[in-house]
Amino acid sequence: MTGLVYKSTGSWYTVKSEQGDFIECRIKGKFRIKGIKSTNPIAVGDVVDYEIDETSDAITGTIHNIHERKNYIVRKSVNLSHQMHIIASNIDRVFLLITVNNPPTTFNFIDRFLITAEAYGIETVLVFNKIDTLDEPTLDEQLYMQYVYEQIGYKCLRVSSTEMKGIEALKELMLGKVSMFSGHSGVGKSTLVNAMEPSLHLKTKTISDASKQGQHTTTFAEMYDLSFGASIIDTPGIKGFGMVDMEPYEISGYFPEFFKLKDQCKFNNCLHKEEPKCAVKEALEKDEIAWSRYNSYLKILEGDEEHYRTDIYNEDRAESDKTRGL
């Protein structure tokens, strides 16, 4: 039988059958997907083949095959640096939730996420959440961040779950699609899903005043079918976003504004660092490319991989503030 994985807890997988029933399944032995070193061989969104276990008192199943994925989004495993963690698969659109200071989301984190989504061919919409909490300085900061990404061509939304602002526009973009919500812990993913579908009653928590960081409420990725004709994958909050398997010469190709200028560089293998007659650096000097984006590019290019899991709320935020003269 064939079904769709709706929840993964690491050892058990909730699979929705073609008839609409949910079955708890396990994998048979060491399940490995060719060419992928992953901490989780099966992810939410996967289409799988399974068999019902006739020997068990409860109705359970065993997964024995995974169908080819249309796409998936991954990040480097925090504890196992040579492996990756598949966040979700077969996604039509991903919504990255961003908050300015509650908790802070940095340019570097956003850019790492966007580059990964670009690499795997997944459209990303930036959702600036909790706009009802912004005072004048933080509103200016939010609008500046939005301006940077809209200039590149990314779609941005401004929403407030508590005041129900922007919710209908968000639902419209989700209609008929499998969407994924991602972002730091505390940016309001579960609260936003509850605003769209109150009957789900997803758990939520407040931000820690001491650290300004969110507390994990979603423990495992899980898919939900929504009443207005959409499916959403709610994911655990992530602190940092480690890049996976990118060669230095590939990285600029996932910055759309860099890629447009690549043919104008003197050297076709230009890394946009020390090379003469570099179109990207010339555009940077003319403020046609945001310095925050170039700083993110350099950090990724230089392999600053320790940075993604430490000082995410301090050092990197100071760097993004510096680029805007704050």
Which class fits the ring pair [X] and [Y]: parallel under 30°, tilted 30 to 60°, perpendicular over 60°?
X      : Y      : answer
Phe107 : Tyr144 : perpendicular
Tyr120 : Tyr72  : tilted
Phe258 : Tyr297 : perpendicular

Which atom of [X] lies closest to which atom of [Y], heavy atoms considered:
X      : Y      : answer
Lys273 : Leu298 : CG-CD2, 3.9 Å
Phe128 : Ile131 : O-CG2, 3.5 Å
Leu261 : Ala279 : O-CB, 3.6 Å
Ile27  : Pro41  : CD1-CG, 4.2 Å
Met145 : Thr105 : CE-O, 3.5 Å
Gly45  : Ser89  : C-OG, 3.2 Å

When you compare the side chains of [X] and [Y], does any donor N or O come within less than 3.5 Å of an acceptor on the partner?
X      : Y      : answer
Thr133 : Asn102 : no
Thr162 : Asp132 : yes
Thr138 : Asp135 : yes
Asp111 : Tyr149 : yes
Asp46  : Tyr13  : no
Asp49  : Thr2   : yes
Ser190 : Asp234 : yes

Between Leu114 and Leu126, is the side-chain contact (heavy atoms from CB on, under 4.5 Å) condition met? List the steps. CA-CA 9 Å; Leu114 289 175; Leu126 302 183; 4.0 Å; yes

Any donor-acceptor N/O pair, Ser17 side chain to Gln19 backbone, under 3.5 Å: yes

Check whether Asn71 reaches the backbone of Ile91 with its side chain - one donor and one acceptor, N or O, closer than 3.5 Å. yes

Step-by-step salt bridge (charged side-chain N to carboxylate O under 4.0 Å, His left out) determination, Arg293 to Glu257: CA-CA 10 Å; Arg293 292 278 286 173; Glu257 70 274 42; 2.7 Å; yes

Determine, stepwise, if the pair Asn65 / Tyr50 fulfils side-chain hydrogen bond (donor to acceptor under 3.5 Å, both in side chains). CA-CA 7 Å; Asn65 181 50; Tyr50 65 97; over 6 Å; no

With ring centroids as reference points, do Phe109 and His184 lie under 6.0 angstrom apart? yes

Can you tell me if Phe259 has over 12 outside heavy atoms packed within less than 6.0 Å of its CZ? no

So with a 6.0 Å cut-off around OH of Tyr147, is the heavy-atom count from everything else above 12? no

Please assess Arg26 against Asp53 for the test salt bridge (charged side-chain N to carboxylate O under 4.0 Å, His left out), listing each intermediate value before the final yes or no. CA-CA 10 Å; Arg26 289 187 129 157; Asp53 185 357; over 6 Å; no

Exactly one candidate in Lys277, Gln264, Glu275 meets side chain to side chain contact (heavy atoms under 4.5 Å, CB included) with Cys270; the answer is Glu275

Straight-line distance of Ile122 CD1 to Asp92 CG, nearest 0.5 Å: 9.5 Å

Output the distance between atom CG (Leu192) and atom OG (Ser161), rounded to the nearest 0.5 Å. 4.0 Å

Phe228 ring centre to Lys171 NZ or CZ under 6.0 Å, with the angle to the axis within 45°? yes

